[in-house]
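This report refers to the structure that appears directly beneath it.
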Amino acid sequence: MAERIRIDPVTDALLLVDVQPDFMPGGALAVPDGDAVLPVINRLLAGPFRHAVATQDWHPPGHASFASAHPGRAPFETVGAPYGPQTLWPDHCVQGSPGAALHNGLDQARIELILRKGWHPSVDSYSAFRENDRTTSTCLDAWLRARGFRRLFLTGLATDFCVAWSAEDAVALGFSVVVIEDACRGIGLPAASGHSSIDIARERLQRTFGVPFVTSDLLAT
Ligand code: VGL
Ligand code: ZN
């Protein structure tokens with residue numbers, strides 16, 4: 001039996017990563033079963049957590065991460081960006097489009113900050129903390145620290161991209177980090193090794209960064 005985790009309503013915050021229609025079934029970059037995170041996140045928001053922050057993937061039309069911006073390239077291929085390898089995606093989360101909104105099934109009452117990321121036309125931003133050039137800060141860490149949050153519980157989409165990169169950066173920035181696995185869903189691209197990017201991300205976070213993966217039923221006030 002896994003141990004229960006007591007949530008401190010003052011210093012623990014729930015981080016909602018990219019809970020947007022474009023990442024759900026029917027969306028432009030649909031994550032399998034992506035909408036399953038909604039009831040789990042809403043339960044957490046109604047229960048143990050008093051404070052939440054949400055990120056919103058928010059790209060300008062023609063964003064450099066869109067395959068459509070690279071003639072002859074297809075979604076899910078990798079190209080060399082000035083800052084390193086960049087996976088190409090279908091056009092998604094275009095600023096102001098319905099698919100880019102925070103999902104309307106989300107209980108937003110306890111969301112105190114909405115951080116938009118990926119708006120720089122030539123730089124993608126998977127992480128809530130740092131753009132994909134790995135140097136440009138979103139300054140979310142400063143806000144969280146100033147508010148007194150020390151431990152972050154991660155939820156949302158996608159486990160293997162924006163959730164994983166956010167978790168890794170949060171650890172590097174000195175936060176305690178927990179991933180709530182049933183409140184996340186992943187894209188699951190096949191890697192050269194034959195493994196899924198979801199399994200690779202989970203292993204890397206657990207082994208290299210010491211991030212526990214827990215289920216939401218273990219969290220209590
Ligand atoms: C995401 C790919 C592109 C994510 C965002 O939210 O994980 N993945 N943009
Ligand atoms: Zn994106």
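Along the sequence shown, residues are numbered consecutively beginning with 1. Order of appearance sets the numbers: ligands from 1, and atoms from 1 within every ligand.
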In Asp57, what N, O or S atom is nearest to the Zn ion (ligand 2), if we give its atom name?
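Minimum-distance N/O/S atom of Asp57 relative to the Zn ion (ligand 2) is OD2.
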Within 6.0 angstrom of Arg6 CZ, more than 12 heavy atoms from elsewhere
no
Heavy atoms of other groups near His195 NE2, more than 12 under 6.0 Å:
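Open: at most 12 neighbouring heavy atoms sit under 6.0 Å from NE2 of His195.
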Is it true that some N/O/S atom of His92, main chain or side chain, lies under 2.8 Å from the Zn ion (ligand 2)?
yes
Any N/O/S atom, side chain or main chain, of His63 closer to the Zn ion (ligand 2) than 2.8 Å?
no
What's the shortest distance from [atom] to any protein heavy atom, and which residue and atom give it?
| atom | value |
| --- | --- |
| atom 6 (O) of ligand 1 | Asp18 OD2, 2.7 Å |
| atom 5 (C) of ligand 1 | Asp57 OD2, 3.2 Å |
| atom 2 (C) of ligand 1 | Trp89 CE2, 3.3 Å |

At their closest point, which heavy atom of Phe149 faces which heavy atom of Phe175, and how far apart are they?
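In this case the closest contact between Phe149 and Phe175 is O-CE2, 3.4 Å.
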Contacting atoms of ligand 1, where contact means under 4.0 angstrom from a heavy atom of [X]:
| X | answer |
| --- | --- |
| Leu157 | 4 (C), 6 (O), 7 (O) |
| Cys162 | 1 (C), 4 (C), 5 (C), 6 (O), 7 (O) |
| Ala158 | 4 (C), 6 (O), 7 (O) |

Answer with side chain, backbone, both or neither: which part of Val17 has a heavy atom less than 4.0 angstrom from an atom of ligand 1?
neither
Sidechain N-carboxylate O distance under 4.0 Å for Arg134, Asp169
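Here Arg134 pairs with Asp169 in a salt bridge, since their nearest N and O are under 4.0 Å apart.
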May I ask you to check whether Gln86 and Asp124 show a side-chain donor-acceptor distance below 3.5 Å?
yes
I'd like to know if Leu38 and Ile187 are part of one continuous hydrophobic network [Ile/Leu/Val/Met/Phe/Trp/Tyr, side-chain heavy atoms within less than 4.5 Å].
yes
With ring-ring contact (aromatic ring centres under 6.0 Å, His included) as the test, would you mind laying out the steps for Phe66 and Trp89 before giving the verdict?
CA-CA 5 Å; Phe66 295 171; Trp89 305 104; over 10 Å; no
Partner of Val17 under side chain to side chain contact (heavy atoms under 4.5 Å, CB included), chosen from Thr55, Val53, Thr155
Thr55
Any N or O on His92 sitting closer than 3.5 Å to an N or O of ligand 1?
yes
Say whether Asp124, considering both its backbone and side-chain N or O atoms, lies within less than 3.5 Å of an N or O atom on ligand 1.
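Between Asp124 and ligand 1, no N or O pair is found under 3.5 Å apart.
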